[in-house]
Amino acid sequence: MSRGDRKIDIAVLASGSGTNLEAIARAIDDGEVPARIALVLSDNPDAFALERARKRGIPTRVVLLSDYPDRSSYDRAIVAALEEAGVDLVVLAGYMKLAGPEFVRAFKGRIMNIHPALLPSFPGTQGVRDTLEHGVKVSGVTVHFVDEGLDTGPIIVQEAVPVEEGDDEETLHNRIHQAEYRQYPRAVRLFAEGRLEIDGRKVRVIPGSTEERG
Ligand code: GRF
């Protein structure tokens, strides 16, 4: 099941700050994830994620929706850029666009997303706000494979984060971020080691280390 000793090539798609990109890049530098970031792609030319990538010497690309006549040709341009970079895995990290059907089909089972809530609760772009408004006591982080729905794909890893009395969107999201920086590199590592098996809605994690054996 292993992908062998080869490091996988990944692309990170980000629209904003890119702190998850940074966490994954650090985990790679520390030898925790057998991968190489071949491309950082953004739909936002001002995304700080691009700046982080440039500082690390990672190739970057901006693909603007406004440069394409429709959503489908935009998605084809994204797929072409990812194929040109030869990536094995696409990591959505604060990418603010829904992956269209052609994109999902081209990289079936090879696109991951991170969401700042325990899915299937609170999908969508306002996950942290919706969590607080609902009054739940436990939130968390979900890394999942991407299908054609909004945050509906098979779940890879989750970590619970308590909601504390007096939390606002910023304090809760900050705590959730800390869990994200643990779980996203972990999920990418499991993929890179060939230890994720998708079976319908379920993702089986093949044991391979003390941590995953429990
Ligand atoms: C994260 O909280 C992630 O869960 C959500 O968008 C945020 C991105 O943050 N999808 P960053 O750009 O990685 O700092």
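Atoms within each ligand, like the ligands themselves, are counted from 1 in listed order. If you read the sequence from its start, that first residue is 1, and numbering goes on from there.
Here Arg189 pairs with Glu193 in a salt bridge; the nearest charged N to carboxylate O distance falls below 4.0 Å. Using a 4.0 Å cut-off between a side-chain N of Lys or Arg and a carboxylate O of Asp or Glu, Glu102 and Arg105 do not qualify as a salt bridge.
In terms of heavy-atom proximity, Val136 sits nearest to Thr131 at CG2-CG2, 3.4 Å. Nearest heavy-atom pair, Leu41 versus Ala81, reported as atom, atom and distance to 0.1 Å: CD1-CB, 3.8 Å.
For a threshold of 3.5 Å applied to N or O pairs, the pair formed by Asn113 and ligand 1 contains no separation below that value. In terms of polar-atom proximity, Ala93 is not counted as a contact of ligand 1, lacking any N or O under 3.5 Å from an N or O of the ligand.
In this structure, atom 10 (N) of ligand 1 lies nearest to the protein heavy atom Ile114 O, 3.1 Å. Of the protein's non-hydrogen atoms, His177 CE1, 3.4 Å is the one closest to atom 9 (O) of ligand 1. What sits closest to atom 8 (C) of ligand 1 on the protein, heavy atoms only, is Gly94 CA, 3.6 Å. If you check which protein heavy atom lies closest to atom 14 (O) of ligand 1, you get Thr19 OG1, 2.4 Å.
Within the structure, ligand 1 has His173 among the residues with a heavy atom less than 4.0 angstrom away. Within the structure, the closest approach of Gly18 to ligand 1 falls below 4.0 Å when heavy atoms are considered.
When the options Asp43, Asn44, Asp46 are evaluated for a side chain to side chain donor-acceptor pair (under 3.5 Å) with Ser15, the one that passes is Asp43.
Those atoms of ligand 1 with a heavy atom of Glu180 less than 4.0 angstrom away are 1 (C), 2 (O), 3 (C), 4 (O).
We find the OG-CD distance between Ser17 and Glu22 to be 9.0 Å, quoted to the nearest 0.5 Å.
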Working note: Val90 + Arg110, criterion side chain to side chain contact (heavy atoms under 4.5 Å, CB included); need CA distance, chi angles, decisive distance, verdict.
CA-CA 6 Å; Val90 180; Arg110 296 191 295 137; 5.9 Å; no

